[in-house]
Q: 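One structure, as structure tokens, below. Some questions next.
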Number of protein chains: 2
Amino acid sequence: MADQPVVDRFRAWLSEQHLPLTPQRLAIADLLLSSDRHLSVEELIDALAGRGLKVGTATVYRTIDVLLESGFIVERDRGEGFRRFEPMRGLPHHEQLLCTACGCVEEFRDPALERMTHRVADAHGFVRERHRLVIYGICNECQRAAATASAGARS
Amino acid sequence: MADQPVVDRFRAWLSEQHLPLTPQRLAIADLLLSSDRHLSVEELIDALAGRGLKVGTATVYRTIDVLLESGFIVERDRGEGFRRFEPMRGLPHHEQLLCTACGCVEEFRDPALERMTHRVADAHGFVRERHRLVIYGICNECQRAAATASAGARS
DNA sequence: CTCATTGCAAAGGATTTGCACTAAT
DNA sequence: ATTAGTGCAAATCCTTTGCAATGAG
């Protein structure tokens, strides 16, 4: 019963806050919340255009603010000069595997890591708030793609 | 004998690359490489002014590019809308404790973490490249400062 | 009907670039 | 002498803001 699509939880959240449910907001939320990639604003606008929706830049940024404040998405910065966004998974401290080729993300948890961060923080006199671990690499699919491409080039 | 100040290693690196050693570059490198905080470009320019040096913005950014390329510093983005920079420590995979109050950084290593990242990457079919772990919290000093401040307010 | 959102265009802020000038090797 | 760096100002690029028109509740 808590298994509704994420975008519907956003709908519900908007209602609770007495905020209007506009088609723009819902389209943006739908794309952002169901994406497996970290999308930039530009990519998002393109994707919206692909669905036949022309949404103003300002609206996209403003909707992203709402999604950030409500905790449905989080922002990421890969040092590209602009931000990317990804759906917030329910995990309290999510660790990630990030593919440096396609940008896709897989998540995992490791209880030992949790313990370790507490131990290290204590040892250094820190009051621990949270942590973040990212392992960068090439995902299965991209490895295969690369192999195929080079095999093709060789033949 | 590998114990020269870091800025001197930058001098040496510049010479090796047949790049001019200008006073601006050396001043910027000196500040950035000896800082215990993550400096922004604005802070850097202020600090230079404090030393009586007026350096153009473009030069600062260009020198930072050199320092980044040469691996002497790394950039950090705290989502403030601008970048901060910190000296690159020699550790191949440095894990960090970052104080969310003052921005200071302490580093540590954990061999178990290294093993774990390899294990997780393998399990997910990733070719691991590198990883990054940051534990956010409040450092000892800031805890004490906060305690003092609230004690003062209470009295 | 009322209040928040939308879209456009203009503004803002960090970073980059073009260019004439100066300095390092 | 060459070659690269410097400073300035103009230009870029992402993001935000002002405002009249529009749409949701």
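Here the structure is a predicted model, which means the values were calculated and not measured.
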Q: So, are A/Arg128 and A/Glu114 salt-bridged, with charged N and O less than 4.0 Å apart?
A: yes

Q: Identify the 5'-most and 3'-most nucleotides of DNA chain D with at least one atom closer than 4.0 Å to a non-hydrogen atom of chain A.
A: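 Using the under 4.0 Å cut-off, the span is D/dC14 to D/dG25.
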
Q: Between B/Glu69 and B/Gln17, is a side chain to side chain donor-acceptor pair (under 3.5 Å) present by the stated rule, with each step listed?
A: CA-CA 12 Å; B/Glu69 274 172 49; B/Gln17 308 296 315; over 6 Å; no

Q: Please report the shortest heavy-atom distance between B/Ala121 and A/Leu97, naming the atom on each side.
A: CA-CD2, 4.0 Å

Q: Which ILVMFWY residues are connected to B/Phe82, directly or by a chain of links, through side-chain heavy atoms under 4.5 Å apart?
A: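 Members alongside B/Phe82: none; it stands by itself.
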
Q: Return the angle between end axes of the helix from C/dC1-D/dG25 to C/dT25-D/dA1, with five pairs used per end and rounding to 10°.
A: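 So the angle between the two local helix axes works out to 40°.
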
Q: Are A/Leu133 and B/Met116 side-chain neighbours, meaning at least one heavy-atom pair lies under 4.5 Å?
A: yes

Q: Can you list the residues that meet the side-chain contact (heavy atoms from CB on, under 4.5 Å) rule with A/Glu43, with sequence neighbours excluded?
A: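 A/Glu43 satisfies side-chain contact (heavy atoms from CB on, under 4.5 Å) with A/Arg37, A/Leu39, A/Ser40, A/Arg84 only.
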
Q: Do B/Arg51 and B/Asp30 have side chains that approach each other closer than 4.5 Å (heavy atoms only, starting at C-beta)?
A: yes

Q: Can you name the nearest heavy-atom pair linking A/Ile138 to A/Gln143, along with the distance?
A: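 Heavy-atom minimum between the residues: O-NE2, 2.9 Å.
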
Q: Relative to each other, are the rings of A/Phe108 and B/His124 parallel, tilted or perpendicular (30° and 60° limits)?
A: tilted

Q: Please round to the nearest 0.5 Å and tell me the distance separating atom CG of A/Leu19 and atom CZ of A/Arg25.
A: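 Going from CG on A/Leu19 over to CZ on A/Arg25, the span is 5.5 Å.
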
Q: Closest approach of B/Phe126 and A/Gly137, non-hydrogen atoms and distance?
A: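 Of all heavy-atom pairs spanning B/Phe126 and A/Gly137, the closest is CD2-C, 4.0 Å.
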
Q: Tell me, which of residues 48-55 of chain B have any heavy atom that sits under 4.0 Å from an atom in DNA chain D?
A: B/Lys54, B/Val55

Q: List the protein contact pattern of nucleotides 15-25 of chain C with one symbol per nucleotide (5' to 3'): B for base contact, S for sugar-phosphate-only contact, - for none; contact means a heavy-atom distance under 4.0 Å.
A: SBBB-----SS

Q: Send over the distance from B/Leu44 CG to C/dA14 P, rounded to a whole Å.
A: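 Rounded to whole Å, this separation is 15 Å.
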
Q: If you count every heavy atom of other residues, nucleotides or ligands that lies below 6.0 Å from A/Glu75 atom CD, does the total exceed 12?
A: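 Correct, the count exceeds 12.
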
Q: Heavy atoms only, 4.0 Å cut-off, all strands: where does A/Gln24 land among base, sugar-phosphate and nothing?
A: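 Here A/Gln24 touches the backbone only, sparing every base.
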
Q: How far does CD of B/Glu42 sit from OG1 of B/Thr57, to the nearest 0.5 angstrom?
A: 10.0 Å

